[in-house]
Every structure is written in structure tokens, then in C-alpha cells.
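Any value given below was found using the heavy atoms of this structure, including those in side chains, with hydrogens, waters and symmetry copies removed. Just follow the structure's listing: the first ligand is 1, and inside any ligand the first atom is 1. Everything quoted here is computed from the prediction, not taken from an experiment.
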Amino acid sequence: MKFRSPSGKIIRSPKKLSFDFVPDKLPHREDEQQKLFMLFRRVIEDGVSQNVFLQGNVGTGKTASAKRFCMDYEDWAAERERKVDYVFINCRKRSNKSLVLWKIIHKFDKGFPDRGFSVGEMMEIIRRHIKDSGTHLFVVLDEADSLIQRDGPELIFLLSRFDDETIAPRGSLSLILISQKNVLELLDESALSTFKRGNRLLLEQYDKAQLFDILSYRGELALYPGSIEEEELNLLALIAGERGDARLGIELMEKAALLAEEKGQNQIGPEDIRTAKADIDPYMTASRLRGLNENERLILLSAAQKLRNRSFTTTGDLESHYHVLCETYGREVLGHTQFWKYLKSLSGDGMLETETVASGKGRTTKVSLSDIPAGLLEQKLVELIKG
Ligand SMILES: Nc1ncnc2c1ncn2[C@@H]1O[C@H](COP(=O)(O)OP(=O)(O)O)[C@@H](O)[C@H]1O
Ligand SMILES: [Mg+2]
């Protein structure tokens with residue numbers, strides 16, 4: 001067959017939306033980067049190694065922050081004519097002492113055999129390399145809980161005390177542990193003693209406003225100018241903000257962009273975002289819709305119709321359109337207070353999103369759909385309402 005490329009053009013640089021791309025800047029993580037620097041500054045200035053633990057939920061930028069930090073620290077050290085190197089290991093994939101140590105050695109000896117050496121021998125090889133090359137080595141163990149759970153805390157202990165057995169004048173190896181859970185709780189007394197209390201950094205979940213900034217920045221890097229507007233960025237931030245998860249936001253942006261390109265658009269629309277959300281992580285299932293009562297269905301249908309071409313509508317518009325629908329379907333109209341009650345219960349159930357914002361006339365409540373394309377929701381609801 002003849003293949004057909006999508007005619008829309010939105011994504012300029014696909015790799016800048018990929019998981020392992022590390023952007024130059026990490027908006028809203030500047031304080032954390034600075035804190036890491038304050039902890040590790042002494043590595044170069046005083047020759048003292050440090051062990052640091054980075055904790056946070058999915059998509060809070062743990063991996064990106066650690067990578068960005070190592071790269072920037074390497075540059076900072078180079079300006080001071082000191083060599084720093086780092087090895088980044090995801091422990092979900094490589095989860096025992098030998099594999100982790102092999103990966104560290106592999107960083108400077110690409111031909112190193114993957115069997116035949118004991119843990120002690122490999123530690124010695126690393127030690128010698130560090131000494132000979134005059135490097136300070138950062139070992140980053142990402143998703144460290146996997147390693148500890150499968151293989152115990154011994155390797156953490158060995159690496160975090162690396163310098164104790166070295167007679168070198170300056171620190172040689174620093175450890176960064178990353179995990180969603182508090183891995184310090186998984187360590188035994190001796191391993192724990194090598195982590196100072198202040199050396200734990202907690203990355204809080206991003207809020208909606210922060211995600212907006214992050215997503216507009218990532219959009220600028222990866223997309224053609226003008227391919228996403230503020231309203232649509234707001235919708236993305238709203239959806240990702242429910243979990244404070246930058247990864248979800250970027251994934252949705254990419255998926256929505258691909259869907260829009262496929263349809264021949266040069267811009268991401270609200271329906272593309274909702275379709276992307278429904279594909280990645282569907283919430284509004286048929287059984288949830290069937291569980292709604294008649295009033296809720298009509299209010300939701302009103303929202304679906306109002307939102308066909310827009311990211312947001314207001315409760316005022318929603319209510320007047322709801323009146324029209326009641327007339328169309330010959331149903332009794334709810335009073336204003338009752339209408340609000342049902343609207344609140346819909347938003348409480350996550351069927352639609354409401355947000356009150358200050359506006360010129362006082363306060364307005366904005367309504368949006370985040371999970372399902374409005375067109376599809378409309379279709380399903382009409383079927384249900386007609387029975
Ligand atoms: N502050 C930020 N600015 C820009 N992109 C970010 C920021 N925080 C996270 N990201 C991006 O979001 C995605 C998820 O971040 P990641 O570091 O993998 O999270 P975690 O490791 O905590 O699950 C990555 O693509 C990352 O580049
Ligand atoms: Mg990660």
C-alpha cells in the first residue's frame with residue numbers, strides 16, 4: 001500500500017518530548033537544584049563526599065532534576081579544573097549488586113566482562129579507576145527501592161561508605177538515591193548512619209500553575225510556534241494537575257499533537273487533548289455514565305455540547321443551555337440551587353471539572369471536560385437519555 005504521512009504539522013522535535021530528554025532548564029525546580037548544589041558544593045571545595053536522597057511522587061521531576069544537576073555540576077567543577085563524572089542507573093532494570101557495579105565499571109571500561117568478578121573485586125576496580133583518573137564519581141541510583149527490596153541494603157552501605165576505606169586525600173564517590181518511597185526506612189542501621197538528616201530532599205507535586213509553566217516551556221522546545229494556545233495549555237495543566245504529574249502532562253501533549261496532526265491540523269484542540277486522556281487513562285467509562293441520574297445526564301450533555309469547540313465554558317452558559325435541553329427532551333427544569341447541587345456532585349465524581357476564578361464582574365466558575373472528547377460524550381449521553 002501507499003503510506004500516507006499526516007498532513008498536519010505540530011511536532012518540530014519529537015525527541016524533546018521523550019522520557020529521557022533533559023531540558024536545559026527545569027522551571028519550578030530552581031530551589032531544589034540550588035539545595036542540591038549547597039549539599040554537593042563541598043565535594044569540590046572541601047573534598048568531602050556526600051550521600052543524598054531525593055524523594056517524590058511520579059512525575060515530580062526526580063530523574064530530570066538529578067540528571068540536570070549532574071550535568072551542571074560537571075560543568076561547574078570543570079570551571080574549577082576538577083573532574084567529575086556520573087553514572088546513572090535505573091534500578092528497576094538492573095537490580096542486584098553485581099549488575100549495578102558492572103554498570104558503573106562499564107562507564108569507563110566498555111569491554112569489561114559481565115561475569116567472573118566478585119563484588120569486592122569490582123569495588124576495588126572502581127576505586128582504582130577513581131584514584132588513577134582523579135575523578136569524583138557521582139553514582140545515581142534511580143528507583144533505588146527496587147534494588148533494596150530485591151537485594152537488600154548492602155550495596156547502598158558499601159557505596160555510601162566508599163571513602164572510609166580510601167586513603168585518598170579527597171572524597172571520591174558520592175551517592176544520590178532516588179525513590180518514590182522513603183528508602184531510608186528500608187535501610188538498616190549501618191547504611192542509614194551514612195545519610196545525614198538534612199540530606200533528604202523532598203520534591204513536592206507540581207500544582208496547576210507550575211504545570212502550565214512547565215508545559216508551555218516544553219511546548220516551546222518541541223512544537224512549532226503557535227501550535228498550542230493558552231486555553232489548551234490550561235486544559236493540559238488541569239488534567240496533569242490532578243496528580244501533580246509533569247510526565248502525564250508531557251505525554252498528553254505529545255499524544256494530542258499526534259492526533260491533531262493525523263487529522264491534518266496545525267494546532268492542538270481541546271478534543272485532541274481529551275481523546276489523548278481517554279486513550280492513556282480512561283476514567284469516564286460506560287458504567288459510570290449509566291450510574292448517573294437523569295438530571296446529571298442532562299447537565300453533562302449541556303457541558304458536552306458547550307465544549308465541542310472550546311476548552312472551557314462558564315456555569316452561566318451551561319445553565320442556560322441546560323434549559324434549552326430540558327425543553328428539547330421535555331424534561332422538568334431544575335431550579336438554580338438544585339442545578340448547582342447536581343453540578344457539584346458531577347465535579348465531585350470527576351465527571352467534569354469546575355474552577356472558580358476571579359473575573360471582572362466578580363467570580364465566575366469555569367467548567368471543563370478532561371477525560372473524554374466532548375463529541376463522544378455527547379453521543380453516548382444522547383443514547384442514554386433517549387433510552
Ligand atoms: N520542572 C520541569 N520542567 C520541565 N520539564 C520537567 C520538569 N519536571 C519534570 N519534567 C519532565 O516531566 C517528565 C517527568 O519527569 P521525571 O523527572 O521523569 O519525573 P520522576 O522521575 O519524578 O517520575 C520528564 O519528561 C521531565 O523532563
Ligand atoms: Mg523517574
Side-chain angles (χ1 to χ4, degrees), residues 11-37 52-73 86-95 100 103 138-149 175-184 186 200-223 228 233-258 273 276-277 280-281:
I11 300 177
R12 181 175 48 156
S13 175
K15 80 172 197 309
K16 295 190 175 168
L17 292 171
S18 79
F19 287 126
D20 43 11
F21 175 75
V22 184
D24 290 344
K25 288 185 290 176
L26 294 171
H28 300 293
R29 283 294 177 243
E30 291 92 352
D31 288 353
E32 287 79 1
Q33 293 283 316
Q34 180 62 24
K35 269 189 202 148
L36 280 175
F37 175 69
V52 170
F53 169 46
L54 214 61
Q55 187 186 353
N57 285 347
V58 176
T60 51
K62 299 181 294 300
T63 302
S65 296
K67 285 188 173 161
R68 186 71 266 157
F69 175 77
C70 287
M71 293 167 163
D72 292 350
Y73 193 85
Y86 58 91
V87 197
F88 211 95
I89 298 164
N90 188 316
C91 300
R92 190 146 289 164
K93 293 178 215 141
R94 299 204 161 265
S95 264
V100 169
K103 196 139 193 218
F138 279 78
V139 174
V140 188
L141 300 182
D142 201 351
E143 322 233 21
D145 52 305
S146 286
L147 170 73
I148 302 168
Q149 248 141 16
L175 188 61
I176 299 180
L177 297 185
I178 303 178
S179 170
Q180 287 180 53
K181 298 183 213 137
N182 183 359
V183 286
L184 299 183
L186 302 174
R200 172 172 167 213
L201 197 60
L202 190 67
L203 300 191
E204 300 284 350
Q205 294 195 327
Y206 293 118
D207 66 22
K208 217 168 29 175
Q210 293 174 326
L211 286 166
F212 179 90
D213 295 339
I214 291 169
L215 291 167
S216 19
Y217 170 58
R218 298 299 297 260
E220 268 169 40
L221 292 179
L223 311 180
I228 184 157
L233 280 169
N234 268 317
L235 184 60
L236 281 175
L238 175 80
I239 303 174
E242 277 167 38
R243 298 202 213 129
D245 181 348
R247 174 174 323 170
L248 176 61
I250 294 171
E251 234 176 272
L252 286 170
M253 180 147 81
E254 179 179 32
K255 182 115 198 182
L258 292 170
I273 295 173
K277 169 66 168 55
I280 292 175
D281 175 29

Trace of the side chain to side chain contact (heavy atoms under 4.5 Å, CB included) decision for F69 with E32: CA-CA 10 Å; F69 175 77; E32 287 79 1; over 6 Å; no
Check: Y206 side chain, T60 main-chain N or O, donor-acceptor pair, under 3.5 Å: yes
Contacting atoms of ligand 1, where contact means under 4.0 angstrom from a heavy atom of F21: 27 (O)
Under 2.8 Å: N/O/S of T63 next to the Mg ion (ligand 2): yes
For atom 3 (N) of ligand 1, closest protein heavy-atom neighbour: P27 CD, 3.1 Å
Near-ring test Y73/F138, centroid separation under 6.0 angstrom: yes
Check: E220 main-chain N/O paired with R12 side-chain donor or acceptor under 3.5 Å: yes
Numbered atoms of ligand 1 (with element) below 4.0 Å of A246, judged on heavy atoms: 9 (C), 10 (N), 12 (O)
N/O separation below 3.5 Å, S65 to ligand 1: no
Identity and separation of the nearest protein heavy atom to atom 27 (O) of ligand 1: R218 NH1, 2.7 Å
Atom 17 (O) of ligand 1 [closest protein heavy-atom partner, distance rounded to 0.1 Å]: A64 N, 2.8 Å
Closest protein heavy atom to atom 14 (C) of ligand 1, given as residue, atom name and distance to 0.1 Å: R247 CB, 3.6 Å
N or O pair under 3.5 Å between R29 and ligand 1: no
Test item, H28 contacting ligand 1 (heavy atom, 4.0 angstrom): no
Protein contact of atom 16 (P) of ligand 1 - nearest heavy atom, named by residue and atom, plus distance: G61 CA, 3.7 Å
Atoms in ligand 1 with a heavy atom of I214 nearer than 4.0 Å: 1 (N), 2 (C), 3 (N), 4 (C), 5 (N), 6 (C)
Spacing of S179 atom OG and L54 atom CG [to the nearest 0.5 Å]: 10.0 Å
Distance (rounded to the nearest 0.5 Å) between F212 CZ and D207 CG: 12.5 Å
Atom pair CD/CG of E143 and L177 - distance to nearest 0.5 Å: 12.5 Å
N/O separation below 3.5 Å, K25 to ligand 1: no
CG-NZ distance between D72 and K67, expressed to the nearest 0.5 angstrom: 14.0 Å
For atom 21 (O) of ligand 1, the protein heavy atom that lies nearest, with its residue and separation: T63 OG1, 2.8 Å
Ligand-side contact atoms (ligand 1) for residue partner V58, heavy atom cut-off under 4.0 Å: 23 (O)
Residue part near ligand 1, for Y206, under 4.0 Å between non-hydrogen atoms: side chain
Polar proximity ligand 1 side, S18 side, N/O cut 3.5 Å exclusive: no
Backbone N/O of Q180 and side chain of Q55: donor-acceptor pair under 3.5 Å: yes
Polar contact flag for Y217 and ligand 1 (N/O pairs, less than 3.5 Å): no
contact_flag N57 ligand 1 heavy-atom lt 4.0 Å: yes
Heavy-atom closest contact (G219 atom, M253 atom, distance): N-CE, 3.4 Å
Atom pair CG (L223) and CG (L215), whose distance is rounded to the nearest 0.5 Å: 10.0 Å
Location of contacts on L26 toward ligand 1, heavy atoms closer than 4.0 Å: both
I250, portion touching ligand 1 at heavy-atom distance under 4.0 Å: side chain
Non-hydrogen atoms of K16 and A222 that approach each other most closely: CB-CB, 3.9 Å
4.0 Å heavy-atom contact, G56 with ligand 1: no
Reported CG-to-CD1 distance for the pair D142 and I176, which is rounded to 0.5 angstrom: 10.5 Å
